[in-house]
Visitor: 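For reference, the structure I am asking about is given below.
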Amino acid sequence: MTGYPFSAVLGMDDMRLALLLNAVSPAIGGVLVRGEKGTAKSTAVRALATLLPPVERVAGCRFACDPAAPDPACPDGPHPDRPAAERRPARLVELPVGAAEDRVVGSLDLERALADGVRAFEPGLLAAAHRGVLYVDEVNLLHDHLVDLLLDAAAMGRCHVEREGVSVSHASRFLLVGTMNPEEGELRPQLLDRFGLTVEVGASRDPAVRVEVVRRRLAADADPVGFAARWAAADAEIARRVAAARRRLDGVRLPDAALRQIAEVCAAFDVDGMRADIVTARTALAHAAWHGRDAVTVADVRVAARLALPHRRRRDPFDSPGLDEQRLDEALDRAGDDDPDDDQGGSGGPDGGPDSGPGGGGPGGGEDSGPDRPGGGHHASGRDTSAGPAEAHGGNPGVGAPGRPGAGPAVAVPRQGLKARLLTAPGVGDGVPGRRARARTGRGRTTGARVPAGRAGALHLPATLRAAAPHQVGRGRTAGPLRLRPVDLREAVREGREGNLVLFVVDASGSMGARQRMAAVKGAVLALLTDAYQRRDKVAVVAFRGAGAQTLLPATSSVLAASTRLAELPTGGRTPLAEGLLAAAELLRVERLRDPRRRPLVLVLTDGRATAGDRPLDRAAYAAARLAATGAPCVVVDCESGPVRLGLARRLAAHLAADHHRLDQIAAVPLTHLTTRPRDRAGRVPA
């Protein structure tokens with residue numbers, strides 16, 4: 001199958017430059033591409049593999065050992081001192097979000113391992129990606145146990161498979177590339193830091209560019225071979241430049257002045273640890289090599305900082321990723337007295353600016369930056385942008401920190417010191433891995449054994465031996481290894497923690513806003529959102545006011561999106577309580593179809609008043625019964641205040657069979673007190 005050519009990807013200069021710099025220097029540590037749907041993220045990444053130099057490996061080695069330095073612990077080894085070599089193209093290995101652990105790290109033949117002591121190992125995706133590219137589309141949706149495997153491999157450069165005393169280890173060094181849509185949730189900080197560079201992409205708002213993108217896509221679909229041939233020369237030239245930059249990289253100097261600039265910038269943005277400094281230095285060296293320079297300049301440092309630091313300056317999930325370019329310029333100016341080179345040019349996009357050398361024109365060549373130029377864009381000195389300041393981060397104006405130049409949309413931030421405690425569901429679930437409620441998962445403490453439904457997971461050795469022991473005489477065993485059969489295998493049943501769907505139902509009517517209680521409500525919700533982020537939950541927000549209810553945020557893992565919607569939440573009007581509860585019940589119904597294993601938790605924040613429509617209190621009681629019938633555990637947070645209280649929220653809690661707590665208790669009383677209680681068969685909460 002013919003893929004879309006890399007040089008035909010229009011614009012997206014930051015993304016293409018970051019990918020190419022990692023191709024020049026894989027030690028940078030990979031790229032995370034963040035952006036909205038339909039912005040050619042996956043297309044560009046898949047096209048990257050065709051530009052990488054081929055790999056020399058030991059002939060027949062499944063683990064791609066380098067003939068010049070074979071891995072002494074290679075499972076296919078030991079290799080001879082001068083092994084036969086073969087050349088193959090660099091691989092791009094895709095890791096599916098729903099991949100099983102055995103598929104990622106490899107699998108052992110458990111029966112042969114136990115019966116014969118033979119390490120019969122089938123390599124996984126981490127072995128296939130060694131010395132190549134490991135690509136994870138929608139990396140933010142990757143399950144935690146797979147994230148842990150990636151972290152281990154990225155940190156140590158090796159993959160370890162441990163199964164009941166049987167151990168296999170092999171080299172696994174790869175260029176990690178991930179793409180994600182931030183609306184679907186953020187990455188764990190540990191994995192986020194493992195990506196060397198990050199870029200934000202977005203569709204161009206220029207109609208001429210959009211027309212050309214559609215024209216190229218239609219041409220590629222109509223004649224893939226012909227379209228690829230049209231761009232073959234441009235791709236070949238980029239591949240040549242990558243190979244030349246790799247050869248030049250070791251000779252590029254990093255002057256002390258440039259190193260001081262890097263340190264000044266990293267300190268100015270208050271990043272954690274030293275990885276940011278190291279990655280920025282490696283990126284600056286690669287950028288200088290890409291442009292044919294023998295020493296790093298301030299332009300290289302600026303580009304490197306803009307790619308390496310945005311995701312490392314985040315302090316919590318409510319921080320927008322991005323970099324304040326004014327602060328970056330100020331930091332460079334402070335260290336600029338020792339600038340080793342006054343040359344500010346040559347930091348254009350991957351297809352080059354005036355000093356970038358060959359490879360910038362594609363078919364037809366020329367210096368035109370219009371839509372007919374492969375990868376065209378406008379390049380300012382020291383910047384790799386495609387459409388000016390507003391699109392310097394992929395068409396997302398304002399990705400800087402709130403309150404600074406280039407600040408993003410308003411984001412509600414939790415009040416200092418307000419921290420949520422554990423809010424959980426009763427019983428033991430069977431949901432997706434997380435850190436909230438008890439659940440049967442692939443990780444955790446072993447609670448029993450069972451016959452596997454398909455391929456055995458984690459082996460329960462004592463149970464397997466007990467199952468095989470009565471049959472040894474019948475199988476003719478008199479001595480030697482235990483004779484096992486597939487029917488003897490038992491897998492461990494483990495109990496860990498699951499992630500839930502936390503649904504916030506927020507009363508935004510006039511009775512809440514008039515008493516200035518929305519600030520306290522938002523504070524409580526934001527504290528719970530922070531807790532949901534840490535526990536790997538999904539969140540959803542329903543608000544009701546005026547004449548109806550609105551789903552502010554469908555179920556998502558993005559607490560940043562939830563806080564943004566909460567900051568924009570208008571207040572006022574009547575109180576359509578029934579509509580809010582019915583909207584919550586409908587959202588739960590839809591989410592059960594989409595994600596049946598994820599158990600919900602419903603948190604209703606209201607004063608209990610119902611003033612919209614005919615017989616509003618009766619309709620609210622009916623709607624509460626509908627919501628309670630879903631079986632979702634509920635908590636009512638009573639937002640009523642003042643010396644005279646009507647007790648309507650407590651009555652609502654009774655209709656919902658829910659726990660009831662006052663809003664002013666949330667900050668003073670740990671939210672563990674809000675843990676939902678088990679219900680009886682009739683759905684009632686016992687006193």
Side-chain angles (χ1 to χ4, degrees), residues 13-32 175 193-199 241-242 244-269 271 273-313 323-325 327-353 355-357 379-385 392-393:
D13 286 8
D14 276 359
M15 174 178 66
R16 299 190 307 134
L17 178 66
L19 292 171
L20 289 173
L21 292 181
N22 272 273
V24 171
S25 176
I28 290 173
V31 187
L32 175 64
L175 172 60
D193 191 51
R194 284 295 171 185
F195 285 98
L197 309 180
T198 185
V199 291
R241 289 189 63 197
V242 169
R246 277 193 176 187
R247 293 190 297 268
R248 187 182 301 117
L249 182 62
D250 288 341
V252 178
R253 294 183 298 105
L254 181 63
D256 287 345
L259 193 54
R260 283 193 294 273
Q261 290 169 352
I262 292 171
E264 181 73 35
V265 168
C266 292
F269 284 98
V271 296
M274 294 299 299
R275 183 173 287 123
D277 303 64
I278 295 170
V279 170
T280 304
R282 288 171 174 167
T283 306
L285 287 165
H287 192 264
W290 172 251
H291 286 287
R293 292 189 282 271
D294 58 3
V296 171
T297 69
V298 66
D300 300 317
V301 173
R302 190 185 198 285
V303 171
R306 201 164 49 76
L307 296 175
L309 299 186
H311 59 303
R312 292 188 167 90
R313 55 161 292 275
L323 204 67
D324 185 344
E325 297 212 16
R327 288 181 65 196
L328 174 59
D329 290 335
E330 292 171 354
L332 289 173
D333 288 343
R334 284 195 297 270
D337 294 339
D338 297 320
D339 183 6
D341 194 332
D342 291 330
D343 179 15
Q344 298 285 323
S347 56
D351 291 315
D355 71 335
S356 63
H379 310 296
S381 174
R383 291 174 170 84
D384 290 89
T385 62
H393 297 272

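From a predicted model like this one, the values you see are computed outputs, not experimental measurements.
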Visitor: Report all side-chain donor-acceptor pairs from residues 274-282 shorter than 3.5 Å, counting only partners two or more places apart or in another chain.
Guide:
| from | atom 1 | to | atom 2 | distance (Å) |
| --- | --- | --- | --- | --- |
| Arg275 | NH1 | Asp193 | OD2 | 2.2 |
| Thr280 | OG1 | Ala276 | O | 2.7 |
| Arg282 | NH1 | Ala27 | O | 3.1 |

Visitor: Just so I know, are the side chains of Arg306 and Asp14 near enough to count as touching, which here means a heavy-atom distance under 4.5 Å?
Guide: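 A side-chain contact exists here, since the closest heavy-atom pair is under 4.5 Å.
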Visitor: I want to check something: taking the side chain as every heavy atom from C-beta on, are Phe195 and Val31 in contact at a cut-off of under 4.5 Å?
Guide: no
Visitor: Can you check whether Thr198 reaches Leu307 side chain to side chain, under 4.5 Å on heavy atoms?
Guide: no
Visitor: Using residues 247-255 as the side-chain source, report each donor-acceptor pair under 3.5 Å to any protein atom, sequence neighbours left out, with the distance given to one decimal.
Guide:
| from | atom 1 | to | atom 2 | distance (Å) |
| --- | --- | --- | --- | --- |
| Arg248 | NH1 | Ala289 | O | 2.5 |

Visitor: Applying side-chain contact (heavy atoms from CB on, under 4.5 Å), run through Thr297 and Val301 and close with a yes or a no.
Guide: CA-CA 7 Å; Thr297 69; Val301 173; over 6 Å; no
Visitor: Rounded at 0.5 Å granularity, tell me how far OG in Ser25 sits from CG in Leu285.
Guide: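 Reported to 0.5 Å precision, the distance equals 7.5 Å.
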Visitor: Treating Asn22 as the side-chain partner and Leu19 as the backbone partner, does any N or O pair qualify as donor plus acceptor under 3.5 Å?
Guide: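 Answer holds: no.
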Visitor: Any side-chain heavy-atom pair from Arg293 and His287 closer than 4.5 angstrom?
Guide: yes
Visitor: Please report the closest heavy-atom contact between Pro310 and Ala305, naming both atoms and the distance.
Guide: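 For Pro310 versus Ala305, the nearest heavy atoms are CD-O, 3.9 Å.
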Visitor: Tell me the closest heavy-atom pair linking Ala284 and Asp300, and the distance in Å.
Guide: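 That would be O-CB, 3.7 Å.
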Visitor: Quick one: which of Leu17, Leu197, Val296 gives a side-chain contact (heavy atoms from CB on, under 4.5 Å) with Thr283?
Guide: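 The passing option is Leu197.
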Visitor: Please report the shortest heavy-atom distance between Pro26 and Arg246, naming the atom on each side.
Guide: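 Heavy atoms only, the tightest pair is CG-NH2, 3.8 Å.
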Visitor: For Leu21 versus Trp290, what's the shortest heavy-atom pair and its separation?
Guide: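 Looking at all heavy atoms of both residues, the closest pair is CD2-CB, 4.1 Å.
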Visitor: Report the distance from atom CG of Leu259 to atom CD of Gln261, rounding to the nearest 0.5 Å.
Guide: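 Reported value, rounded in 0.5 Å steps: 9.5 Å.
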